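See below for the structure under consideration.
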Amino acid sequence: MSENAVETYVRPEFENKNLGKALDVDVERPLSLFERIANINAVRKFSILLGLLFAWEAYTQISGVEPLLFPSFSASSIALWETILSGEMFTKIWVTIEILLVGYAAGLACAAIFLIWAVLTRVGSDVLATLTSMFQPLPAISLLPLAMLWFGLGASSLVFVTIHSVLWAVALSTHVGFMGVSETLRMVGRNYGLRGIPYIFKILVPAGFASILIGLKVGWAFAWRTLIGAELVFGALSGSGGLGWMVYEKGENLETTYVFAALFMVIVIGLLVENVIFRNIELKTINKWGMQR
Amino acid sequence: MNDAATGTAGHSPAAPSVEPILDVSGVTLQYKTKEHLITATYRVDFQVFESDRFVLLGPSGCGKSTLLKGVAGYMRPVEGTMKLKGRVITEPGPDRVMVFQEFDQLLPWKTVKQNITFALMNGGKCTSKQEANDVAMEYISKVKLERFEDTYPHMLSGGMKQRVAIARGMAMEPDILLMDEPFAALDALTRRQMQEELLQLWDDTKFTVLFVTHSIEEAVIIGSRILILSPHPGQVKAELNAHQMGHGDVGDKDFSQLQEKIHAMIFADRVLEDETLPNV
């Protein structure tokens with residue numbers, strides 16, 4: 001025992017019996033107004049936007065750059081306002097959005113068919129993997145000349161290239177999402193008698209939704225840029241032009257403020273879709289389910 | 001009556017029916033890894049009777065989890081048959097519900113209640129939403145999670161998730177509940193509590209359960225009958241009775257004796273086996 005005592009220092013036990021309430025600290029304190037405002041996502045992003053617009057206006061005022069080459073923000077806003085008032089802007093937007101929605105929906109439908117096939121059979125899976133790696137790197141716009149040969153100069157050619165730009169992006173990331181679904185969840189699904197298409201839609205789709213959503217976003221971005229690009233290059237040939245055609249047409253006429261107005265609109269629509277539509281889908285799904293912080 | 005067990009006693013004296021619920025005879029299970037074909041179990045026989053708390057016990061590598069997957073229908077035996085109430089098991093189905101070790105077995109996109117109603121509706125147990133809701137609420141209150149019925153799984157603790165999984169399994173009222181080390185990933189205190197709760201639930205409804213564990217103590221507490229498997233490949237070493245023991249007996253003389261007996265059986269081959277056996 002005495003040898004042990006040398007090696008271990010035995011201390012007396014104690015208990016703090018008079019532990020009072022800690023009254024001199026705030027256990028809970030509301031955040032300051034500034035902190036709460038800074039916590040709002042939209043406020044932070046809008047301040048960045050405002051900062052950029054301010055920098056734009058300041059640059060054009062100070063540097064004295066030729067307005068025909070680089071118009072100021074104020075001049076561009078006036079042009080934007082005019083086109084909005086005259087209804088021209090919304091007609092153009094609608095032409096573009098309509099083609100985009102049709103192409104996007106058709107692209108998703110094609111992706112769904114490929115994916116169902118890929119999940120149910122190994123051949124389908126191999127076909128999808130091969131086609132994706134073949135077509136994913138191919139710029140959709142490069143198919144436009146062919147599409148115009150096949151479908152003529154109308155909207156159907158634009159829909160075709162939009163489908164092409166959506167399909168492979170969505171198929172690829174959805175496939176990756178399905179692959180990542182845990183074995184346990186798969187077994188749970190099968191345990192309760194799910195198989196085939198119900199199994200895909202009730203287990204694989206929600207379980208892989210984080211990845212699917214990335215596909216939807218990337219697909220949207222590809223479709224948007226392909227379509228604007230297609231209108232820009234071949235828009236003059238199609239009957240009624242959209243936003244891309246407006247950029248092209250106004251550029252030809254040296255109406256640079258209108259070019260900026262149209263580009264501004266392209267960006268704003270992109271931002272809205274990303275930050276309003278997709279953000280809300282995210283909040284209502286993967287954020288709510290704890291799949292993403 | 002064929003006495004399948006190569007071990008000690010015959011059937012559990014408390015077995016209320018003579019026909020077994022689950023009859024496993026001569027089952028060899030194999031699975032493939034990238035480079036090997038592995039024989040997980042070799043000609044295993046056992047029978048589970050109604051209201052048994054039947055425990056598969058053994059060191060890692062004895063194929064107990066594989067055996068459970070076989071019973072669940074996720075794997076087909078290379079030889080032998082597995083019959084549930086006389087019907088040969090060929091695929092997974094809602095008549096054998098599995099409770100997994102992993103916490104991710106709950107569907108993250110459904111709330112606690114929806115997880116249970118999902119199983120009830122898709123498993124064909126309930127046809128109307130209303131009925132499924134009622135059954136779900138009954139079992140949620142059985143596992144004392146009423147306050148969390150509308151909570152998503154990611155907000156629950158590990159123990160609560162397992163309770164939901166157990167409630168989901170029990171709500172299906174399967175012929176046999178399959179549990180694959182359901183408490184292994186829990187901390188010691190929660191595990192202890194969950195074992196008690198499981199035994200209380202069993203006292204309530206006397207469900208039949210096939211329980212896999214590698215903890216001798218857990219086997220003796222939970223099990224009414226314990227099947228001991230030897231490793232590489234899994235073969236039946238013994239079948240022992242433990243129905244008379246529960247949590248109150250931990251540390252008792254009989255309890256310790258049974259524990260030591262099992263310990264000796266499992267580790268008897270240790271000199272012949274490699275050193276990868278876990279410290280139980």
Side-chain angles (χ1 to χ4, degrees), chain A residues 112 115-116 119-122 125-126 129 173-174 176-217 278-293, chain B residues 65 68-75 89-111 114-126 132 150-156 161-162 164-165 168-169 171-172 174 176-182 185:
Chain A
L115 284 161
I116 290 170
V119 169
L120 297 182
T121 64
R122 202 164 75 171
S125 173
D126 291 344
S173 38
T174 306
V176 170
F178 286 178
M179 300 289 215
V181 176
S182 83
E183 194 55 36
T184 314
L185 281 183
R186 288 167 188 271
M187 290 203 281
V188 167
R190 288 167 60 204
N191 199 163
Y192 296 113
L194 294 177
R195 67 185 75 186
I197 290 174
Y199 171 74
I200 295 176
F201 282 98
K202 288 182 175 171
I203 299 289
L204 295 186
V205 168
F209 203 68
S211 223
I212 294 176
L213 204 55
I214 293 175
L216 291 178
K217 280 187 195 176
F278 281 119
R279 185 69 197 135
N280 271 304
I281 296 178
E282 246 171 33
L283 287 177
K284 293 211 167 83
T285 54
I286 51 181
N287 279 67
K288 188 165 139 194
W289 306 335
M291 291 170 168
Q292 175 182 275
R293 292 200 305 134
Chain B
S65 287
L68 202 68
K69 276 189 187 143
V71 174
Y74 296 119
M75 293 178 78
I89 295 168
T90 53
E91 57 179 7
D95 51 352
R96 292 143 284 142
V97 173
M98 186 108 155
V99 176
F100 298 86
Q101 176 184 341
E102 293 84 4
F103 294 156
D104 72 349
Q105 63 187 299
L106 300 179
L107 311 179
W109 56 92
K110 296 207 176 276
T111 62
Q114 286 165 352
N115 257 286
I116 301 174
T117 51
F118 174 88
L120 291 168
M121 303 286 289
N122 287 293
K125 185 85 193 159
C126 296
D150 292 324
T151 307
Y152 283 89
H154 70 102
M155 299 164 92
L156 301 175
K161 285 182 197 170
Q162 294 308 79
V164 179
R168 183 173 69 180
M172 292 295 292
I176 187 166
L177 192 62
L178 310 173
M179 301 182 106
D180 188 5
E181 306 196 37

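A, B, ... follow the sequence lines: proteins, then strands. Residue 1 opens every chain. Computed from heavy atoms alone, side chains included, the values below leave out hydrogens, waters and symmetry copies. Note that this is a predicted model, so its numbers are computed, not measured.
- Contact annotation for Met187(A): both backbone and side-chain heavy atoms come within less than 4.5 Å of a heavy atom of chain B.
- Only the side chain of Glu91(B) has a heavy atom closer than 4.5 Å to any heavy atom of chain A.
- Ala119(B) touches chain A through backbone and side chain together, each having a heavy atom under 4.5 Å away.
- Residue Met155(B): no heavy atom, backbone or side chain, is found under 4.5 Å from chain A.
- With a 4.5 Å cut-off on non-hydrogen atoms, Arg96(B) touches chain A through its backbone but not through its side chain.
- Heavy atoms of Ile286(A) lying under 4.5 Å from chain B are absent altogether.
- A salt bridge is defined here as a Lys NZ or Arg NE, NH1 or NH2 lying under 4.0 Å from an Asp or Glu carboxylate O, and Glu282(A) with Lys217(A) meets this definition.
- The OH atom of Tyr192(A) sits 8.5 Å away from atom CG of Asn115(B), with the distance rounded to the nearest 0.5 Å.
- Leu106(B) touches chain A through its backbone: at least one of N, CA, C or O sits under 4.5 Å from a heavy atom, while the side chain does not.
- Separation of atoms CG (Leu178(B)) and OG (Ser65(B)) is listed at 11.5 Å; rounding is to 0.5 Å.
- Other residues, nucleotides and ligands contribute at most 12 non-hydrogen atoms within 6.0 Å of the NZ atom of Lys69(B).
- Put simply, the side chain of Thr111(B) never gets that close to the backbone of Asp150(B): no donor and acceptor are under 3.5 Å apart.
- Between the side chain of Asn191(A) and the backbone N or O of Gly93(B) there is at least one donor-acceptor pair closer than 3.5 Å.
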